[in-house]
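Below, chains carry the letters A, B, ... as their sequence lines are ordered, and counting in each starts from 1. As the structure is a prediction and not an experimental result, all values here were calculated from the model.
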Amino acid sequence: MTEVRYGLYKSSIGPITVIAEDDEITMLDFCDCVEKGLMNNEWFSDLFQKLDMYFQGKRVEFTVKIRLPMNPFRQRVFKEVMKLRWGEITTYKHVAERIGSSPRAVGTALSKNQTLLLVPCHRVIAESGIGGYSRGVDIKRKLLKLEGHEF
DNA sequence: TTGACCTGGCCGC
DNA sequence: GCGGCCAGGTCAA
């Protein structure tokens, strides 16, 4: 029996909704889409503490379990991106070379990322600049700034 | 089947 | 240097 838990974290750049199934995070997104009655913030206290530190600009490694997509190609992309540590950035081209694919396909895979921050797709930028972001380039820019990068 | 996506390389000018 | 074209993987329409 799958147990689903919902949490809402208020970050300095907007509300973040977190959803976990059993003990895996299945979604972490910049939106306020949790019904109040369903919230179970206590369950997420460890993660929220880390988010506190993260949004204070401190170096944080997220160690929570996340659910990777079923799609094998995306799994490869996500695993490659998850190797990036706090403050590290790379390009779509570099990720594509590592997994033997094309930058365009990497961008598409990352655009489907449900677990923002945990799969740090904001650390993947275009060669020509910051690149795009499914939740808006503005959020991507702010996240990168927290980690010491200006775009 | 087509077009749209978080890109980049190549070509012609 | 810049604009146009298209390969790349996936999915919604």
Any salt bridge between A:Arg67 and A:Glu21, counting N to O under 4.0 Å?
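Answer for the salt bridge query: yes.
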Under-4.0 Å salt bridge between A:Arg98 and A:Glu80:
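The answer is yes: the pair qualifies as a salt bridge.
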Side-chain donor/acceptor of A:Ser111 to base of B:dC6, under 3.5 Å:
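In this structure, the two groups form no donor-acceptor pair.
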Quote, to the nearest angstrom, the P distance that separates C:dG8 from B:dC11.
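Result for the P pair: 16 Å, nearest Å.
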Rounded distance in Å between the C1' positions of B:dC6 and C:dC2
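The same atom, C1', in both gives a distance of 23 Å.
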Integer-rounded Å distance: [N] [atom2] and [X] [atom1]:
X        : N     : atom1 : atom2 : result
A:Glu97  : B:dT7 : CD    : P     : 16 Å
A:Arg135 : B:dC5 : CZ    : C1'   : 13 Å
A:Arg104 : B:dT7 : CZ    : C1'   : 6 Å
A:His94  : B:dG9 : NE2   : P     : 14 Å

Side chain of A:Leu110 - closest among B:dC5, B:dG8, B:dC6:
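Out of B:dC5, B:dG8, B:dC6, the nucleotide with an atom closest to A:Leu110's side chain is B:dC6.
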At under 4.0 Å between heavy atoms, what does A:Phe73 touch on the DNA or RNA strands: base, sugar-phosphate, or nothing?
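Result for A:Phe73 = sugar-phosphate.
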Under 4.0 Å, counting only non-hydrogen atoms across every strand here, what does A:Ser134 touch: a base, just sugar-phosphate, or nothing?
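Answer is base: heavy atoms of A:Ser134 come under 4.0 Å of a base.
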Hey, where on DNA chain C does chain A first and last touch, going 5' to 3'? Cut-off is any atom under 4.0 Å from a heavy atom.
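For DNA chain C, the relevant span reads C:dG8 to C:dC11.
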Phosphate contact (B:dC6 OP1 or OP2) by A:Lys140 side-chain N/O below 4.0 Å:
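Checking B:dC6 against A:Lys140, no side-chain N or O comes under 4.0 Å of OP1 or OP2.
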Strictly distance-based, threshold 3.5 Å: is any side-chain N or O of A:Lys142 a donor or acceptor partner for the main-chain N or O of A:Ile13?
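Such a contact is absent between A:Lys142 side chain and A:Ile13 backbone.
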Do A:Asn113 and A:Ser134 touch side chain to side chain, with heavy atoms closer than 4.5 Å?
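A:Asn113 does not reach A:Ser134 side chain to side chain.
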Any side-chain donor-acceptor pair under 3.5 Å between A:Tyr133 and A:Asp138?
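No pair is found: no donor N or O on one side chain lies under 3.5 Å from an acceptor on the other.
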Can A:Ile19 be reached from A:Leu51 by stepping across I, L, V, M, F, W or Y side chains whose heavy atoms are under 4.5 Å apart?
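The answer is no; the residues belong to distinct hydrophobic clusters.
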Find out if a path of hydrophobic residues (ILVMFWY) with successive side-chain heavy-atom gaps under 4.5 Å connects A:Met82 to A:Val64.
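Same cluster.
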What base-paired stems does DNA chain B take part in, with at least 3 consecutive Watson-Crick or G-U wobble pairs and both distances under 3.5 Å?
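If one scans DNA chain B for consecutive Watson-Crick or G-U pairs, the stems found are B:1-5 with C:9-13, B:7-13 with C:1-7.
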Apply the syn/anti split at 90° from 0 to C:dG4 and say which one it is.
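Classified anti.
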Hey, which sits more toward the 5' end of DNA chain B by its nearest nucleotide, A:Asn113 or A:Lys93?
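Comparing both residues, the 5'-ward one is A:Asn113.
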Taking the six-membered ring for Trp, are A:Phe151 and A:His149 parallel (under 30°), tilted (30 to 60°) or perpendicular (over 60°)?
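Ring orientation, 0 to 90° scale: tilted.
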Quickly, which of A:Arg85, A:His122, A:Arg59 forms a side-chain hydrogen bond (donor to acceptor under 3.5 Å, both in side chains) with A:Glu147? Name it, please.
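With A:Glu147 as partner, side-chain hydrogen bond (donor to acceptor under 3.5 Å, both in side chains) holds for just one option, A:His122.
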